[in-house]
Asks: 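There's a structure below that I have some questions on.
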Amino acid sequence: MGKTGTIFILLLTISAVLICNAEAAASSVKFVKKTVSSHPIVIFSKSYCAYCKRAKGVFKDLNTKPYVVELDERG
């Protein structure tokens, strides 16, 4: 395969990655918008994050249950 063919395949690969990333980003935006509009309080958290645990603790102390999305546990 010549240099032109290699460059073409590389460009196709880069295009495919960009399209996949754009679709994933659009899907993530849609998920966030839907989640935030469906719940009065939402915490996007990582289960091991000390700051996230503190934030969740504040709402527990207030006897208020937020909707929690554990980002590290999502598939």
Side-chain angles (χ1 to χ4, degrees):
M1 179 179 302
K3 187 175 181 179
T4 304
T6 303
I7 292 172
F8 179 71
I9 291 173
L10 179 62
L11 289 173
L12 283 177
T13 304
I14 291 170
S15 297
V17 168
L18 290 174
I19 289 169
C20 289
N21 286 342
E23 290 173 0
S27 176
S28 295
V29 169
K30 185 176 178 182
F31 168 75
V32 169
K33 285 182 178 183
K34 181 178 178 186
T35 302
V36 169
S37 67
S38 300
H39 305 280
I41 302 169
V42 179
I43 298 176
F44 292 92
S45 169
K46 291 192 177 177
S47 59
Y48 55 84
C49 173
Y51 298 108
C52 298
K53 288 178 184 177
R54 281 183 83 179
K56 291 181 274 190
V58 168
F59 287 101
K60 185 176 183 179
D61 292 345
L62 294 172
N63 294 319
T64 302
K65 187 170 181 167
Y67 184 79
V68 179
V69 178
E70 297 293 357
L71 299 171
D72 58 311
E73 296 175 0
R74 285 184 41 90

Asks: In this structure, would V42 and L71 fall into the same cluster of hydrophobic residues linked by side-chain contacts under 4.5 Å?
Replies: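 Looking at the clustering, L71 is in the same group as V42.
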Asks: Scan residues 29-44 for pairs that pass salt bridge (Lys or Arg N to Asp or Glu O under 4.0 Å), counting only residues two or more places apart or in two chains.
Replies: none
Asks: Would a distance-only check, ignoring hydrogens and angles, find a side-chain to backbone donor-acceptor pair under 3.5 Å from S45 to I43?
Replies: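 No.
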Asks: Does anything in residues 42-71 pair up under salt bridge (Lys or Arg N to Asp or Glu O under 4.0 Å), and if so which pairs, sequence neighbours excluded?
Replies: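 Residue pairs with at least one partner in residues 42-71: K56-E70.
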Asks: Which pairs, with at least one residue in residues 22-55 and sequence neighbours excluded, count as a ring pair (Phe, Tyr, Trp, His ring centres under 6.0 Å)?
Replies: H39-Y67
Asks: For V29, what are the other residues in its hydrophobic cluster, where any two members join if their side-chain heavy atoms are less than 4.5 angstrom apart?
Replies: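 Direct or chained contacts put V29 with none.
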Asks: Just jot down the side-chain hydrogen bond (donor to acceptor under 3.5 Å, both in side chains) partners of D72, sequence neighbours excluded, or say none.
Replies: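 Once residues adjacent in sequence are excluded, the partners of D72 under the side-chain hydrogen bond (donor to acceptor under 3.5 Å, both in side chains) criterion are S47.
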Asks: Can you name the residues that form a side chain to side chain contact (heavy atoms under 4.5 Å, CB included) with S37, not counting sequence neighbours?
Replies: none
